[in-house]
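One structure is given here, and the rest of the page talks about it.
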Amino acid sequence: MKSLRQIRFLCGKDLRIELRKKESLVSMAFFGVLILVMLNIANGVGKQIDAEAGAGILWVAILFSSVLGLGRVFAREKENGCVAALLISPVSSGEIFVAKALVNFSLMLLAELVLVPIFFVLFGARLSGDPLALLPILVLVNFGFSTTGTLVSAISAGTRRNEVLLPILLFPLLLPLMTLAVKATALALAAKPLADLRGQLEPMAAFCVVFAAAGYLLFPFVLRED
Amino acid sequence: MTTFNRSALFPGLAAVLIPIAIGMVFFYSPLEKTMGSVQKIFYFHLPLALTAFLSFFVACISGIMYLRNRQRIWDARLAASVEIGVVLTTLVLITGSLWGKPIWNTFWTWDPRLTTSLILWFIFASCLILRSAIDEEGKRATFSAVMAIVGFVDVPIVFLSARLFRSIHPTVIRADSVGLETSMLVTLLVCMAAMLVFWVGLYKFRVSLFLQEAMINDLQTDGTKS
Amino acid sequence: MKDTYLVLAYMAIWIGLSGYVVALAQRQRKLSAKIEVLHKRLRVKED
Amino acid sequence: MSEPSSFLRISGLRKSYGSREALRGINLDLQRGEFLCLFGPNGAGKSTLLKIVATLLRPSAGQVKVQDYDLEEHPEQYRAQLGMVSHQSFVYQDLSVLENLEFYATLYGVEQPREKALELLEEVKLADRYDMLAANLSRGMQQRLTIARALVNDPALLLLDEPYTGLDEHAASVLRDQLQTLHSRKRTIVMVTHNLRRGMESATRLGILVRGELVYLQQKADVDPTTFEHLYFRHLEAQ
């Protein structure tokens with residue numbers, strides 16, 4: 001019960017800063033849309049794409065834009081040594097992990113609210129699937145991305161090359177999740193029923209569970225310097 | 001003198017076993033009917049893959065042990081096995097595609113095993129990059145321990161997701177289903193033994209090199225202090 | 001034709017592995033040089 | 001020296017990095033209300049010691065207890081009693097002065113966080129700037145905010161790591177006043193510094209840390225300031 005309260009305060013603080021400055025969210029959405037437009041042009045103006053290529057394009061845009069926001073969430077804690085202040089306070093590392101993951105999750109979701117509609121505007125001509133059918137995939141990827149990402153961003157923020165290292169460390173770990181997500185999205189965009197996606201959604205859920213557990217257990221080690 | 005002998009045991013054994021193994025591959029084992037001479041790559045491809053996997057397993061265990069008792073020796077073991085694992089996986093990927101080219105007429109195919117190896121290569125190579133980016137010993141050890149653990153935890157999901165790719169020849173690599181001839185099996189086992197002995201020698205050499213470098217480093221920093 | 005790939009593969013394996021071992025040996029040699037320097041500095045200090 | 005009722009007890013504390021030992025067995029007992037000032041040259045292990053007591057670093061061996069709460073066994077109860085001022089400000093640039101204090105107060109479970117925050121702002125004379133973003137504060141004001149932040153949970157044990165470095169005159173006097181108030185309210189304070197004058201003026205106990213060892217520890221009342229100064233400089237030169 002006390003944990004929930006602490007997590008709420010930590011999240012509230014981050015979201016308040018985010019809504020005030022809007023730096024992560026705006027840059028995430030902007031960069032994502034930019035990628036979508038670039039890929040549209042790269043694909044050849046006026047050419048239509050099928051579901052598989054569309055799925056790939058959507059996830060490239062989401063992945064690259066999300067990693068921008070992820071880097072900021074942790075770098076902010078490091079700025080004036082605030083992490084140290086949190087570590088001295090009675091908050092536990094696990095609570096910090098959950099709070100950070102939740103903040104990342106909501107930032108991604110907000111960015112996707114912009115990206116997915118624009119994706120359908122740009123590429124949707126030959127895609128028969130319902131945008132809402134993407135929801136379970138989005139939720140699972142956001143979950144996996146934010147738990148893995150929180151752990152990895154704590155690592156990269158502890159080094160001198162935060163911005164470069166974050167994607168280098170994070171993307172290889174996320175490759176299996178992305179593979180599954182692209183496959184599932186392709187099916188969803190081709191208007192296959194949800195039951196057909198089970199083969200992908202189940203391993204994705206497994207990924208989420210495994211990395212949530214690993215992140216929760218390992219986070220205390222990366223947070224405290226040694 | 002006895003310590004010298006003991007440290008030379010594995011390299012010496014490897015120096016004997018590896019020529020024998022190569023000799024058996026070329027002069028003892030029979031030509032495979034469908035694939036011909038290229039199949040002989042297999043005798044070292046498989047042992048390389050196994051030792052690579054062994055390296056990552058050792059890295060994960062070392063990571064866990066380091067986080068539990070924070071002794072330098074475990075960091076040395078982790079560093080050694082990650083580095084050796086990346087070298088071996090590189091060779092697995094090279095031999096794999098050299099084998100694939102004449103058989104499947106393509107250097108690269110998204111076969112589950114190849115994909116798994118590739119993703120593992122990415123994960124552990126990123127761990128090496130991380131190590132090179134951190135100067136503080138304790139931090140480097142903790143962070144790379146976490147990455148090694150997370151990377152290894154990722155393996156089953158990587159394999160699960162890689163199964164989604166259509167495979168051209170899913171069973172060609174499987175030893176048991178091909179039903180190896182006895183002479184082939186004997187050659188394979190000798191090669192495996194040779195690689196394993198080589199691996200142990202290499203691993204011990206790398207660990208001791210790491211420890212020596214760290215100790216010299218200590219002496220030098222102490223020297224500048226006083 | 002197929003033999004080319006076989007030869008290439010075995011060359012890759014052994015050049016790769018021996019290259020790695022040589023690189024490690026090089027590091028070991030550098031280390032020995034360092035130890036020598038430290039040893040001499042210690043001697044100088046003692047005198 | 002070690003009565004059972006000691007407030008802060010450090011025993012056999014060691015910290016090593018590789019084969020280098022930063023702390024070689026520190027033993028220290030403080031009663032409630034004592035104000036210890038630790039001096040020592042750079043690299044003597046002062047910051048390491050303080051960081052371990054603040055739970056920011058893990059000790060390699062040894063125990064730290066505050067009021068019978070062990071650092072490792074009851075981390076949350078242990079940390080609830082701590083406050084710390086270091087050379088980093090620990091405040092969020094993008095939150096206002098009041099929001100910063102309120103946030104930390106709620107984390108510590110303070111009953112009425114806003115009242116507590118406002119009260120502290122009065123004390124450090126920042127009350128009329130309550131809604132300014134921390135990023136827009138002048139350096140001196142930010143330092144006063146840092147001091148207020150360390151006091152949100154009314155810490156029973158206050159740790160100060162070189163608190164006077166970089167403080168302007170005003171902030172330094174605010175800090176000194178706050179320390180004196182806390183001291184008169186029987187709070188225990190540990191400060192490390194190499195500023196002799198600042199350290200001597202308010203401490204009740206003096207210590208010198210050299211190469212990871214506590215080579216000197218005395219009640220200030222028993223110490224002649226000039227002899228202490230000489231002693232300290234001798235240790236500095238021996239370095």
Side-chain angles (χ1 to χ4, degrees), chain A residues 52 144 147-184 186-187 197 199-200 202-226, chain B residues 56 60 63-72 75 82 86 89 110 112 115-166:
Chain A
E52 284 216 12
T147 49
T148 318
T150 302
L151 180 68
V152 174
S153 68
I155 290 180
S156 70
T159 67
R160 280 169 289 109
R161 293 196 271 158
N162 181 18
E163 267 71 28
V164 193
L165 274 178
L166 180 57
I168 287 182
L169 294 174
L170 181 59
F171 287 170
L173 291 175
L174 287 176
L175 267 173
L177 184 68
M178 281 306 127
T179 324
L180 293 160
V182 168
K183 195 82 181 171
L187 293 174
L197 306 185
Q200 283 79 50
E202 278 167 5
M204 282 169 79
F207 180 98
C208 292
V209 171
V210 166
F211 273 91
Y216 185 82
L217 291 175
L218 293 172
F219 196 65
F221 293 106
V222 294
L223 214 50
R224 248 165 247 280
E225 60 177 293
D226 200 53
Chain B
F56 295 144
C60 175
I64 294 173
M65 290 309 288
Y66 179 81
L67 292 183
R68 293 187 71 158
N69 57 28
R70 305 196 177 249
Q71 282 161 357
R72 183 184 264 171
D75 184 39
V82 169
V86 169
T89 315
W110 291 102
T115 311
T116 307
S117 311
L118 180 68
I119 296 181
L120 280 184
W121 185 88
F122 270 121
I123 292 176
F124 287 94
S126 78
C127 187
L128 279 187
I129 295 175
L130 175 68
R131 287 188 70 89
S132 70
I134 310 174
D135 293 329
E136 305 94 312
E137 188 185 341
K139 205 185 235 181
R140 182 175 58 214
T142 315
F143 284 4
S144 49
V146 169
M147 281 308 288
I149 296 170
V150 175
F152 196 74
V153 161
D154 211 16
V155 171
I157 307 165
V158 168
F159 196 77
L160 214 61
S161 70
R163 269 202 337 218
L164 290 176
F165 295 109
R166 36 172 198 262

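So that the names make sense, note that chain A is the first sequence line, chain B the second, and so on, each numbered from 1.
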Euclidean distance, L130(B) CG relative to I168(A) CD1, rounded to 0.5 Å: 10.0 Å
To the nearest 0.5 Å, atom OG1 of T159(A) lies from atom CD1 of I129(B) at 12.0 Å
Residue part contacting chain B, namely of [X], when any heavy atom lies under 4.5 Å:
{"X": "L165(A)", "value": "side chain"}
{"X": "L151(A)", "value": "side chain"}
{"X": "F219(A)", "value": "neither"}

Throw together a table of side-chain donor-acceptor distances under 3.5 angstrom for residues 143-159 of chain B, partners on residues two or more places apart or in other chains.
{"from": "S144(B)", "atom 1": "OG", "to": "R131(B)", "atom 2": "NH1", "distance (Å)": "2.7"}
{"from": "S144(B)", "atom 1": "OG", "to": "R140(B)", "atom 2": "O", "distance (Å)": "2.6"}
{"from": "S144(B)", "atom 1": "OG", "to": "A141(B)", "atom 2": "O", "distance (Å)": "3.4"}

If we only count heavy atoms from C-beta on, is the R224(A) to T142(B) side-chain gap below 4.5 Å? no
In terms of heavy-atom pairs under 4.5 Å, which option from [options] contacts chain B the most?
{"options": "L177(A), L175(A), T148(A)", "result": "L175(A)"}
{"options": "L217(A), L173(A), V164(A)", "result": "L173(A)"}
{"options": "G158(A), S156(A), A154(A), A206(A)", "result": "G158(A)"}

Does atom CZ of F171(A) have more than 12 heavy-atom neighbours, drawn from other residues, nucleotides or ligands, at distances under 6.0 Å? yes
Determine, step by step, whether L67(B) and L218(A) satisfy the side-chain contact (heavy atoms from CB on, under 4.5 Å) criterion, reporting the C-alpha distance in whole Å, the side-chain angles of both residues, the deciding distance to 0.1 Å, and the verdict. CA-CA 9 Å; L67(B) 292 183; L218(A) 293 172; 3.7 Å; yes
Can you list everything that forms a salt bridge (Lys or Arg N to Asp or Glu O under 4.0 Å) with E163(A)? Sequence neighbours excluded, please. none
Between S132(B) and R161(A), the two heavy atoms sitting closest are OG-NH2, 4.1 Å
